[in-house]
**Student:** 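Let me begin by handing over the structure; questions about it come next.
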Protein chains: 2
Amino acid sequence: MDKSDEMTQINRTWSDYLHMHGLRNTPERRALLEAICLIDGLFTPESLSDYMRESRNFMVSRATVYNNLQHFIQAGLVRKVLMAGDIRYERAWNRKSCIRLVCTNCGTVTETSDDKVRRQIEDLRKKRFTMTGWTLNVYGLCGKCAAALKRRQKKMMNKNSIDKK
Amino acid sequence: MDKSDEMTQINRTWSDYLHMHGLRNTPERRALLEAICLIDGLFTPESLSDYMRESRNFMVSRATVYNNLQHFIQAGLVRKVLMAGDIRYERAWNRKSCIRLVCTNCGTVTETSDDKVRRQIEDLRKKRFTMTGWTLNVYGLCGKCAAALKRRQKKMMNKNSIDKK
DNA sequence: GTCAGTGCAAACTTTTTGCAACTAC
DNA sequence: GTAGTTGCAAAAAGTTTGCACTGAC
């Protein structure tokens with residue numbers, strides 16, 4: 001799907017959603033959706049608001065941001081994710097699938113991919129569930145933390161053997 | 001691994017962690033870890049505190065709960081997860097791998113499993129990353145919401161064709 | 001014209017911080 | 001004895017709500 005087809009699809013999803021719920025297409029809603037298209041990666045209600053004001057020259061109140069983020073989520077356009085212990089938002093399209101390596105020690109997250117895993121997941125067919133996307137969080141230790149842990153354990157063992165002398 | 005081996009492993013991980021960071025083994029910490037072993041499923045700082053007070057007859061202050069949850073996370077014993085838009089905590093052992101079907105419309109989560117997917121994920125070997133567990137979130141529509149959406153769309157189309165007459 | 005949407009401020013919830021008293025080591 | 005730990009209360013951060021005014025339909 002190319003970029004303009006994609007935008008058509010998104011706008012359609014959004015106006016369908018508005019219609020079906022008897023909601024109105026306000027300038028604030030258009031501007032917020034536009035900003036979300038332009039932001040790359042994760043955002044918070046505050047960072048979205050900042051981006052709107054600073055880069056798009058459009059003021060939106062906090063209440064409006066929160067209110068509409070909920071609508072975007074309901075419409076399937078935005079998703080909440082947990083990143084290093086905090087809630088973040090992201091576009092739900094065009095980021096449908098990713099593997100995240102989450103270090104349980106320092107909290108850093110690295111995104112990666114793997115064709116075999118991807119294929120296997122997308123072949124998943126569950127009864128009474130229509131998949132639109134997925135994220136795989138892999139927990140463990142990043143290189144730095146694993147090395148640091150090893151060093152500390154070694155130090156500990158030396159200390160213990162000295163203590164025993 | 002049987003239950004007692006598992007507890008030995010957990011206690012060891014925890015006391016190693018305490019040692020390595022120069023931390024102390026207080027009654028509060030022991031009681032909190034014990035409670036987390038006993039709680040089945042997800043919890044919040046508040047529900048944990050309630051459980052401690054009501055079922056274990058042990059008062060812990062909020063500050064202590066938050067402080068120690070961070071330590072448990074660092075030690076790899078507890079994990080934060082996002083459930084229906086809210087942050088929850090869970091034991092990080094014994095729940096290492098699971099597939100969650102998350103409905104993006106109503107927020108319900110169903111846990112499921114799939115051997116092929118599991119095997120493929122556990123075969124993942126990333127450079128400079130040591131895997132200890134994973135969770136796969138699959139986003140989409142649950143049976144109920146998919147059906148409701150279909151009904152609404154149908155109704156919409158009927159309405160439109162009537163309007164045009 | 002109607003009713004949903006907006007901004008603002010206040011309220012509420014959740015999490016963090018500062019500090020004096022306490023206690024594990 | 002010392003330094004990490006705790007509970008409490010206050011502060012900070014994040015989110016929701018009530019309300020009068022505005023504007024999309």
Side-chain angles (χ1 to χ4, degrees), chain A residues 11 14-35 42-50 52-53 56-75 78 80-89 107 156 159-160 163, chain B residues 11 14-35 42-50 52-53 56-75 78 80-89 107 156 159-160 163:
Chain A
N11 283 320
W14 182 228
S15 55
D16 281 357
Y17 176 85
L18 292 176
H19 253 105
M20 280 197 293
H21 292 80
L23 305 175
R24 293 171 184 174
N25 187 18
T26 64
E28 286 79 5
R29 284 180 175 155
R30 284 193 297 272
L32 280 165
L33 192 55
E34 207 179 294
L42 305 170
F43 60 90
T44 61
E46 201 181 345
S47 77
L48 173 59
S49 185
D50 290 349
M52 297 273 292
R53 192 181 54 254
R56 312 291 298 163
N57 201 32
F58 197 117
M59 257 294 295
V60 231
S61 72
R62 237 173 313 171
T64 301
V65 172
Y66 278 101
N67 171 18
N68 286 303
L69 279 176
Q70 285 182 357
H71 285 306
F72 293 144
I73 290 171
Q74 278 262 314
V78 165
K80 281 187 178 182
V81 293
L82 196 58
M83 217 32 43
D86 296 312
I87 289 182
R88 294 282 177 277
Y89 294 75
M156 210 76 188
K159 190 178 172 296
N160 284 344
D163 288 351
Chain B
N11 282 320
W14 181 230
S15 56
D16 282 358
Y17 176 86
L18 292 176
H19 254 105
M20 282 198 290
H21 291 79
L23 304 174
R24 292 174 184 171
N25 187 16
T26 64
E28 285 80 5
R29 282 180 177 155
R30 284 192 297 272
L32 280 166
L33 191 55
E34 208 178 294
L42 305 169
F43 59 91
T44 62
E46 201 181 345
S47 77
L48 173 58
S49 185
D50 290 348
M52 297 272 292
R53 192 182 53 254
R56 312 290 297 162
N57 202 34
F58 197 117
M59 256 295 294
V60 231
S61 72
R62 236 171 310 171
T64 301
V65 173
Y66 279 101
N67 170 18
N68 286 305
L69 279 176
Q70 285 182 357
H71 284 306
F72 293 144
I73 290 171
Q74 278 262 315
V78 166
K80 281 186 178 182
V81 293
L82 196 59
M83 216 39 36
D86 295 313
I87 289 182
R88 293 282 177 278
Y89 294 76
M156 208 79 188
K159 189 178 172 296
N160 284 345
D163 289 350

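In what follows, chains carry the letters A, B, and so on, assigned in the order in which the sequence lines appear, proteins first and then strands, with residues in each chain numbered from 1. Because only heavy atoms are used, hydrogens play no part in the values below, and waters and symmetry mates are left out as well, while side chains stay in.
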**Student:** Look only at the side chain of A/N67 and the backbone of A/A63, and say whether a donor-acceptor pair between them is shorter than 3.5 Å.
**Tutor:** no

**Student:** Which atom pair, heavy atoms only, marks the closest approach of B/V65 to B/P45?
**Tutor:** CG1-O, 3.8 Å

**Student:** Can you check whether A/F43 reaches A/L69 side chain to side chain, under 4.5 Å on heavy atoms?
**Tutor:** yes

**Student:** When all nucleic acid strands are considered with a 4.0 Å heavy-atom cut-off, which category describes A/D86: base, sugar-phosphate, or nothing?
**Tutor:** nothing

**Student:** Let me have a per-nucleotide readout for nucleotides 7-17 of chain C, 5' to 3', with B, S or -, counting only protein heavy atoms under 4.0 Å.
**Tutor:** BB-----SBBB

**Student:** Phosphate oxygens OP1/OP2 of D/dT5: is one of them under 4.0 Å from a side-chain N or O of B/N67?
**Tutor:** no

**Student:** How many whole angstroms separate atom CG of A/N68 from atom C1' of D/dT16?
**Tutor:** 14 Å

**Student:** Which pair of heavy atoms, one from B/L42 and one from B/R88, lies closest together, and at what distance?
**Tutor:** CB-CB, 4.0 Å

**Student:** Please confirm whether the backbone N or O of B/N11 pairs with a side-chain atom of B/S15, one donor and one acceptor, at under 3.5 Å?
**Tutor:** yes

**Student:** Rounded to whole Å, how long is the line connecting atom NE2 of B/H19 with atom P of D/dA3?
**Tutor:** 18 Å

**Student:** Just how far, in rounded Å, is C1' of C/dT6 from CE of A/M52?
**Tutor:** 13 Å

**Student:** Looking at A/R53, I want to see if its CZ is surrounded by more than 12 non-hydrogen atoms of other residues, nucleotides or ligands under 6.0 Å.
**Tutor:** yes

**Student:** Expressed as a whole number of angstroms, how long is the span from A/L32:CG to C/dG5:C1'?
**Tutor:** 12 Å

**Student:** When every nucleotide of nucleotides 19-25 of chain C is labelled 5' to 3' by its protein contacts under 4.0 Å (heavy atoms), B for base, S for sugar-phosphate only, - for none, what sequence of letters results?
**Tutor:** ----BBS

**Student:** Return the orientation label for the B/W14 and B/F72 ring planes: parallel under 30°, perpendicular over 60°, tilted otherwise.
**Tutor:** tilted

**Student:** If I take atom CG in residue B/L69 and atom P in nucleotide D/dT6, what distance separates them, rounded to the nearest angstrom?
**Tutor:** 12 Å

**Student:** Any side-chain heavy atom of B/Y89 sitting closer than 4.5 Å to one from B/S47?
**Tutor:** no

